[in-house]
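Shown next, in structure tokens, is the structure this report addresses.
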Amino acid sequence: MAKYIIEGGRKLEGEIEISGSKNASLPIIAASILNSGVTKLYNVPNIRDTQIMIEILKVLGCKIKKSSGKIVIDSRKIQIHEIPEELMRKMRSSVILAGALLSRCNEAIFSCPGGCDIGARPIDLHLEGFKQIGIYIEENAGKIKCNCQNIIGNEITLDFPSVGATENIMLAAVNAEGKTIIKNAAREPEIIDLQCFLNKMGAKVTGAGESVITIQGVKQLKKDFGYKVMPDRIEAGTILCAAAATNGKVAINNIVPEHISAITYKLEKMGCKIKIEKNKIYIDASKKLKAQDIKTMPYPGFPTDMQSIFTSILSISKGTSIVVENIFENRYRYTSELIRMGAKIKIEGKTAIIKGVRRLYGASVTSTDLRGGASLVVAALSAKGTTEVSNIEYILRGYENLDKKLTKLGAKIKIKEGD
Ligand code: EPZ
């Protein structure tokens, strides 16, 4: 397993471009099988998760060509309606393909997506929504078989504004007979991006970004078209926190500022100066950071994906901070690694109590999951001495060229291939 070797204590300064969004790309790549045509996608980050989703599309029968910054997906031939188990296990969010397969072929077979490093990750809300629109579901021996004669529009109220369930039902409803209304839908920007993509394909989706989304079923979709994916708001937040951790001055380009207003708001409360221009954000973190309380919530609340990364900078802030993780039940595993670097963190159920220390110290630490790994990188950038972050395959799932971007900002970070 590869490692990052990071020499801490260097202020980050300069400007970088943010890559396309992982969490917008995955449902959009899945949705590109709906039109049985040729879809050109731009700004898709070249990371492990998008590579896996593309692998799955090839298994289903798509022809895919990748060139710099563009992916061309020819979905005219879909012969297989089953998501391969080993690829499903590698990336549970491939369950999003179920809705697209059902729309396209009236059938989808996949294995129960196991839990992962941050929680049980059930899909009951996805399946409940499918049942409401006429889809039959059979579960046995770890396999889930979904099929339908026709998909019939209906009104669905989600118990929780689940991002994946909202996206999966949107995809299943695109060609339904009649209208589907999703109430208590997730409001994340990635859902708006998916709506824009689907409408460019000829679907009729409205309301994304609010908690009621309406999908008017259509008979025909556009065969060929192109789409540019939105920027990655969590990568943007991660880079801003890396600047904050090193008292640096950084500008990030290609970002939609309102996508990360909950993040920049908290950074300002911690004493950072933030200046926002059209699609650019400057942070000046010269002052000592101050403690701040965080509660993760569905969008537009503070994003759970930033919880671990913020805990790193709260660990070196003046005062005691309280973090409450309200979305996933097991998203504090990384804290034991931060404690090895000198952080003072106590976990009580879904609450973390963080007593700020003057400095963290370099150590050998292990990534526990994607965003937990990112939090260790941010901590290592601020720490005194050298840190080895192992299991960086987790981090490479969701960050494109993170080491190159940080190096461009003045960090000393290199990848040491696994022995
Ligand atoms: C998406 O995951 C993101 N992944 C996650 O980002 C993100 O943390 C999460 O949304 C919340 O914002 C992608 O978009 C690929 P949920 P998803 O369904 O769709 C429970 C990252 O680091 N739930 O909104 O799986 C679930 O257990 C990843 O980039 C059910 O109970 O999130 C969780 O507690 C991590 N039943 C909560 O809802 C269901 O059927 C939120 O899950 C579905 C979800």
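This structure is a prediction, so every number in the text was calculated from the model and none was measured.
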Heavy-atom pair with the smallest gap, counting every atom of [X] and [Y]:
X      : Y      : result
Ala379 : Leu360 : CB-CD1, 3.8 Å
Asn184 : Leu158 : ND2-O, 2.7 Å
Ala243 : Ile283 : CB-CG2, 3.7 Å
Tyr399 : Ile234 : OH-CG2, 4.1 Å
Asn279 : Pro257 : CA-CD, 4.4 Å
Gly164 : His126 : C-CE1, 3.3 Å

Is the side chain of [X] donor-acceptor paired with the backbone N or O of [Y] at a distance under 3.5 Å, no angle test?
X      : Y      : result
Tyr334 : Ser367 : no
Asn326 : Met297 : no
Ser103 : Leu171 : yes
Ser36  : Ser75  : no
Arg104 : Ile33  : yes
Glu82  : Ile109 : no
Asp224 : Gly37  : no
Ser25  : Val44  : no
Ser321 : Leu314 : no
Lys295 : Ile322 : no

Checklist entry - Relative to the ring of Phe197, is the ring of Phe225 parallel (under 30°), tilted (30 to 60°) or perpendicular (over 60°)? => result tilted
In the structure I gave you, are the side-chain heavy atoms of [X] and [Y] within less than 4.5 Å of one another anywhere?
X      : Y      : value
Pro84  : Ile56  : yes
Ile263 : Pro303 : yes
Leu34  : Leu198 : yes
Phe310 : Leu267 : yes
Tyr299 : Val163 : no
Ser312 : Leu376 : no
Ile294 : Lys266 : yes
Lys249 : Lys273 : no

Next on the checklist: Go through it in stages, so that I can follow the logic: the residues are Val323 and Tyr332, the test is side chain to side chain contact (heavy atoms under 4.5 Å, CB included), and I'd like the CA-CA distance, side-chain angles, deciding distance and then a yes or no.
Outcome noted: CA-CA 10 Å; Val323 172; Tyr332 285 125; 3.8 Å; yes
Next on the checklist: Under the criterion side chain to side chain contact (heavy atoms under 4.5 Å, CB included), I'd like the reasoning laid out for Asn23 against Glu188: C-alpha separation, chi angles, the key distance, then a yes or no.
Outcome noted: CA-CA 10 Å; Asn23 291 347; Glu188 274 70 3; over 6 Å; no
From [X] [atom1] over to [Y] [atom2], what is the distance, rounded to the nearest 0.5 angstrom?
X      : Y      : atom1 : atom2 : value
Lys405 : Thr238 : NZ    : OG1   : 10.0 Å
Leu127 : Cys146 : CG    : SG    : 6.0 Å
Arg397 : Arg371 : CZ    : CZ    : 9.5 Å
Ile413 : Ile5   : CD1   : CD1   : 9.5 Å
Ile73  : Lys58  : CD1   : NZ    : 10.5 Å
Gln195 : Thr214 : CD    : OG1   : 9.5 Å

Item to check | Check against side chain to side chain contact (heavy atoms under 4.5 Å, CB included), Ile28 and Leu194 | outcome: CA-CA 6 Å; Ile28 284 173; Leu194 179 60; 4.1 Å; yes
Checklist entry - Can Ile327 and Gln307 be said to form a side chain to side chain contact (heavy atoms under 4.5 Å, CB included), step by step? => result CA-CA 10 Å; Ile327 308 292; Gln307 177 257 99; over 6 Å; no
Checklist entry - Where do Glu190 and Arg233 land on the salt bridge (charged side-chain N to carboxylate O under 4.0 Å, His left out) test, with the steps shown first? => result CA-CA 10 Å; Glu190 292 77 16; Arg233 59 191 173 99; 2.7 Å; yes
Would you mind checking if [Y] and [X] are paired as a salt bridge, meaning a charged N to carboxylate O distance below 4.0 Å?
X      : Y      : result
Arg331 : Asp305 : yes
Lys90  : Glu55  : no
Lys280 : Glu15  : yes

Residue [X] excluded, over 12 heavy atoms near [atom1] under 6.0 Å:
X      : atom1 : value
Lys222 : NZ    : yes
Phe160 : CZ    : yes
Glu277 : CD    : yes
Lys143 : NZ    : yes

Item to check | Passing candidate, side chain to side chain contact (heavy atoms under 4.5 Å, CB included) with Phe130, options Ile123, Leu102, Ile144, Ile156 | outcome: Leu102
Checklist outcome for this item: In Ile239, Ile392, Thr407, the residue satisfying side chain to side chain contact (heavy atoms under 4.5 Å, CB included) with Leu402 is Ile239
Next on the checklist: Is there a salt bridge (charged side-chain N to carboxylate O under 4.0 Å, His left out) between Arg89 and Glu86? Walk through the geometry before answering.
Outcome noted: CA-CA 5 Å; Arg89 284 198 173 285; Glu86 70 283 1; over 6 Å; no
